[in-house]
Number of protein chains: 2
Amino acid sequence: MTKQIGKYQVIYSAKTRRGIQDFTEIINGKWKLPILITLFEKPYRFKELSRKLQISPRMLTRELQDLEMNKLISRTVCNTKPTTVEYAITKTGLTLKKILVEIGTWGIAYRKKMLAKE
Amino acid sequence: MTKQIGKYQVIYSAKTRRGIQDFTEIINGKWKLPILITLFEKPYRFKELSRKLQISPRMLTRELQDLEMNKLISRTVCNTKPTTVEYAITKTGLTLKKILVEIGTWGIAYRKKMLAKE
DNA sequence: CGGTATCCGAGATGATACTG
DNA sequence: CAGTATCATCTCGGATACCG
């Protein structure tokens, strides 16, 4: 819900502000978005993620736990030997995809513009 | 650029990843988004922002400098007595508006869904 | 008014070694 | 393999006082 006032557009809703706040809290931390983007591709195991993103196991564990707690990813223990665990994006997590792609597109355009200016 | 593989969609571009990374670095910090959202509304002076968002001058200065360095806001010193400084969103900053509104909408829907489950 | 300087504590992050 | 434990480091953010 916005209203044009010359160049400026008011974001009226306090709900929108809280929504943005929720978002930032959920994706906060250095690795949340990289993990999500990776899992958009396909499910991964712990070690695979660790290798692909160059994260220490300690941080990876914490970030995965946060994401799982917020229902954005799922954790599945496989009956293999030795044990493997698969992380996958959830239906809720998928709702973030569109926005993340847009953010990526914005970032590309932004970088291009900044480089052009210098 | 995406491709459907069952439930999963590949985000091919490494550029997209870097774009997302750029975005997170630019909006990183507790106050970047709240400041931007406030300036979408209209230009504000230093003290006004400090009061409205309840930020200490130290943090406000740092966050404003970051945003200005990244060309998302402008800083204008006014010829008044005592000196006042006006911060306003730039054309580049405005390009973030659409995404922030979408993020807010996502957050609202997300919260609603989570509350429904419990 | 619009900052800067200084200090402090809490939390984030990383490296490494270890466990089941 | 999938983590956990431990330690060290670094950054973030807040409080406060001060300056031009």
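Note: hydrogens, waters and symmetry copies are ignored here, and every other heavy atom, side chains too, is used. In what follows, every chain begins at residue 1, and chains take the letters A, B, ... in the order their sequences are listed.
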Counting side-chain heavy atoms from CB outward, which of [options] is closest to [X]?
{"X": "B:T84", "options": "C:dC1, C:dT13, D:dG13", "answer": "C:dC1"}
{"X": "B:W31", "options": "D:dG14, C:dG14, D:dA2", "answer": "D:dG14"}
{"X": "B:R62", "options": "D:dG13, C:dC1, C:dA12", "answer": "D:dG13"}
{"X": "B:R75", "options": "C:dT13, C:dG2, D:dG13", "answer": "C:dG2"}
{"X": "A:K30", "options": "C:dC1, C:dG3, C:dT13", "answer": "C:dT13"}
{"X": "B:V85", "options": "C:dG3, C:dC1, C:dA17", "answer": "C:dG3"}

Atom [atom1] of [X] to atom [atom2] of [N]: distance rounded to whole Å?
{"X": "A:M59", "N": "D:dT11", "atom1": "CE", "atom2": "C1'", "value": "13 Å"}
{"X": "B:E63", "N": "D:dT11", "atom1": "CD", "atom2": "P", "value": "16 Å"}
{"X": "A:K81", "N": "D:dA2", "atom1": "NZ", "atom2": "P", "value": "16 Å"}
{"X": "B:Q54", "N": "D:dG13", "atom1": "CD", "atom2": "C1'", "value": "15 Å"}
{"X": "B:I73", "N": "C:dG2", "atom1": "CD1", "atom2": "P", "value": "14 Å"}
{"X": "B:I55", "N": "C:dG2", "atom1": "CD1", "atom2": "C1'", "value": "14 Å"}
{"X": "A:L60", "N": "D:dC1", "atom1": "CG", "atom2": "P", "value": "13 Å"}
{"X": "B:L53", "N": "D:dG13", "atom1": "CG", "atom2": "P", "value": "14 Å"}

*Cation-pi check, A:K112 to A:Y110: give yes when NZ or CZ is under 6.0 Å from the six-membered ring centre and within 45° of the ring axis, no otherwise.*
no

Sugar-phosphate, base or nothing in reach of [X], heavy atoms under 4.0 Å:
{"X": "A:T61", "answer": "base"}
{"X": "B:R58", "answer": "base"}
{"X": "B:Q65", "answer": "sugar-phosphate"}

_Check whether A:S74 reaches the backbone of A:T90 with its side chain - one donor and one acceptor, N or O, closer than 3.5 Å._
no

*Between A:N28 and A:P57, which has a closest nucleotide on DNA chain C that is more 5'?*
A:N28

*Starting at the 5' end of DNA chain C and moving along, which residue's nearest nucleotide shows up first, A:T83 or B:R45?*
B:R45

*Between B:R51 and B:E48, is the closest basic N to carboxylate O distance under 4.0 Å?*
no

*Salt-bridge present (B:E86, B:R75; N to O < 4.0 Å)*: no

So, does [X] get its side chain near the phosphate of [N], meaning an N or O under 4.0 Å from OP1 or OP2?
{"X": "A:R51", "N": "D:dA2", "result": "no"}
{"X": "A:Y87", "N": "D:dG3", "result": "yes"}
{"X": "B:Y44", "N": "C:dG2", "result": "no"}

*A:L36 and A:I73: which non-hydrogen atoms are nearest, and at how many Å?*
CD2-CG2, 4.0 Å

*Distance-minimising heavy-atom pair for A:I55 and A:L60*: CG2-N, 3.7 Å

